[in-house]
Amino acid sequence: MKEKFFRNRLMDWNRVSNKREMPWKNETNPYRIWISEIILQQTRVEQGWDYYRRFIHEFPDIQSLATASEERILKLWEGLGYYSRCRNLIIASRQIFNEFNGKFPASYEEILSLKGVGEYTAAAISSFAFRLPFAVVDGNVLRVISRFFGIATPTDSARGKKQFKELAQQLLDKKAPGAYNQAIMDFGATICKPVNPSCNICPLQTKCTAYHEGKTDLLPQKSRKVKITNRYLTYLVIQHKQKFYIRKRTQKDIWRGLYEPLFLESDHLLTEKELVSHPLVAPYFSKKVFTIHSVSGPYLQKLTHQNIHAQFIRIYSNELIREIATAFPVSRSKMKSLSFPKIVRDYLNQQNMS
DNA sequence: AAAGCGGGGCA
DNA sequence: TGCCCAGCTTT
């Protein structure tokens, strides 16, 4: 009965007071819903908004996406982060194009089988596009439910996931699963916010456990916390005439699939002296093929799990070298068309290099 | 079960 | 500075 109160109040709030608008709201095209959901994984709505627009404009349907070049798709993703989402999106588009004959799958299990689609995204697409009764469980849902029912089970534990998923499914309005899922996420984002929730105007306040026990700031609970490592990358931005040496990141590390200038990683940023004596480039410096043109100030990018300290050493080469440690020379216009990590793109832009 | 994976906003 | 964001995959 507390469940019924929750559902009814939430749906009433949605009809009367939910003013949240987004480009993909009331969308029923599964392809467009899929794109929006992938973009929004671990990403705030405002941050994903323009990416969604650009994506749909250039790739309006499965065929256009499935037949596009990986480089072009990754370019549209540049700056958005979590690039594995983009790689998986490409794989999934080909899955749909080939295995499902270009028609977006219409069952929960089939949708879940798509690369990069987990339980949340499958429930979202299933309910929004196909009116199937699957409850979404995202960060908003976990927060709203844990507070209202006063559940302190860590949301990232196996027990917690099962518990919250079952309760979420029980709460779902089976007659309007899409509207309900949209409502609970909007509610979490605008009323039951992570910090300073608007309990004073909350339609669920009268039966909210966390509110009555003064525990809204203690819920939901997580068990794990990430430890942050510091990394120091000294980039070698080598230029010969109008070409720059870059390479593609292929190792299992951050920014896989993106491009980069060469860099040397150590436990500190390299000094010029350390740089010119490094085995990789020392011969070029001693033969005066390379000369240092400029040294940037330190750049810092804070990621969820790493602090990236970077410095960019701009180097002129008076010889055209075919390849330096897998890096090859490309033109400015080619640089523009490629996807670089944010910290590198910032430097390139400031240097007017692409 | 735990770790890895971006970038940005907010208190 | 720490936490969170329409999470998923790999180990």
Side-chain angles (χ1 to χ4, degrees), chain A residues 20 22-25 27 33-52 74 77-89 91-92 111-128 134-144 154-162 164-165 168 178 181-190 192-197 217-229 231 249 251-258 300-308 339-346:
Chain A
R20 206 169 183 224
M22 295 168 288
W24 47 84
K25 205 149 181 181
E27 180 63 67
I33 293 170
W34 168 58
I35 297 294
S36 74
E37 293 302 341
I38 302 298
I39 286 177
L40 282 141
Q41 287 168 5
Q42 290 292 282
T43 303
R44 287 168 304 101
V45 166
E46 307 80 65
Q47 192 184 352
W49 195 295
D50 284 341
Y51 283 88
Y52 172 78
L74 205 51
W77 204 272
E78 186 181 43
L80 190 55
Y82 282 155
Y83 298 92
S84 65
R85 289 182 295 172
C86 188
R87 296 195 304 273
N88 291 337
L89 191 79
I91 295 171
I111 294 169
L112 187 61
S113 78
L114 297 173
K115 193 77 172 170
V117 173
E119 291 186 354
Y120 162 77
T121 306
I125 300 173
S126 296
S127 62
F128 296 152
F134 292 90
V136 295
V137 182
D138 73 332
N140 292 304
V141 174
L142 291 171
R143 189 171 55 255
V144 172
T155 56
D156 55 354
S157 66
R159 203 163 62 84
K161 282 176 193 163
K162 184 172 188 295
F164 284 104
K165 181 182 173 183
N181 280 336
Q182 187 65 62
I184 192 169
M185 289 192 286
D186 287 343
F187 183 80
T190 60
C192 198
K193 298 172 288 186
V195 185
N196 295 331
D217 55 341
L218 299 178
L219 295 171
Q221 295 203 354
K222 273 191 186 177
S223 52
R224 288 190 286 274
K225 43 174 147 297
V226 296
K227 77 159 190 283
I228 297 174
T229 57
R231 295 178 70 177
R249 291 180 65 79
Q251 64 274 47
K252 285 188 178 174
D253 194 2
I254 55 171
W255 304 323
R256 182 147 65 106
L258 277 62
L300 173 64
Q301 184 173 13
K302 288 171 167 293
L303 307 180
T304 303
H305 46 292
Q306 310 184 7
N307 290 336
I308 306 291
S339 199
F340 289 88
K342 150 89 171 154
I343 195 168
V344 175
R345 177 56 72 188
D346 282 351

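Order of the sequence lines sets the chain letters (A, B, ...), proteins ahead of strands, with each chain counted from 1.
- Map A/Leu112 and A/Asp186 each onto its nearest nucleotide of DNA chain C; the residue landing nearer the 5' end is A/Asp186.
- Taking the nucleotide of DNA chain C with the nearest heavy atom to each of A/Gly116 and A/Glu37, the more 5' of the two is matched to A/Glu37.
- A salt bridge does not link A/Lys161 to A/Glu119: none of the charged nitrogens lies less than 4.0 Å from a carboxylate oxygen.
- Taking atom CD of A/Glu119 as the reference point, atom P of C/dT9 lies 10 Å away to the nearest angstrom.
- Counting atom types as modelled, A/Arg143 pairs no side-chain N or O with a base atom of C/dA6 as donor and acceptor under 3.5 Å.
- Between A/Tyr52 and A/Trp24, the ring centre distance stays below 6.0 Å.
- The A/Asn88 side chain lies nearest to C/dT9 when the options are C/dG7, C/dC5, C/dT9.
- Atom CG of A/Asp156 and atom C1' of C/dC4 are 13 Å apart (whole Å).
- Interatomic distance, OH of A/Tyr120 versus CD1 of A/Ile125, reported as 9.0 Å (0.5 Å rounding).
- As a whole-Å value, the separation of A/Arg224 CZ from C/dC8 P is 15 Å.
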Nucleic acid footprint by protein, nucleotides 5-10 of chain B - heavy-atom cut-off 4.0 Å, B for base, S for sugar-phosphate alone: BBBBS-
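- Here C/dG2 presents its P atom at 18 Å from CG of A/Asp217, a figure rounded to the nearest Å.
- Of the options A/Thr229, A/Leu300, A/Leu303, a side chain to side chain contact (heavy atoms under 4.5 Å, CB included) to A/Ile308 is made by A/Leu303 and by none of the others.
- A salt bridge links A/Asp253 and A/Arg231; the closest N-O separation between the charged side-chain nitrogens and carboxylate oxygens is under 4.0 Å.
- Salt-bridge annotation for A/Asp186 and A/Lys25: present, with a side-chain N of the basic residue lying under 4.0 Å from a carboxylate O of the acidic one.
- To the nearest angstrom, P of C/dC4 lies 19 Å from CE of A/Met185.
- Atoms OH (A/Tyr52) and C1' (C/dA6) sit 13 Å apart, rounded to a whole Å.
- For A/Gln182 and C/dA6, the CD to C1' distance is 9 Å, given to the nearest whole Å.
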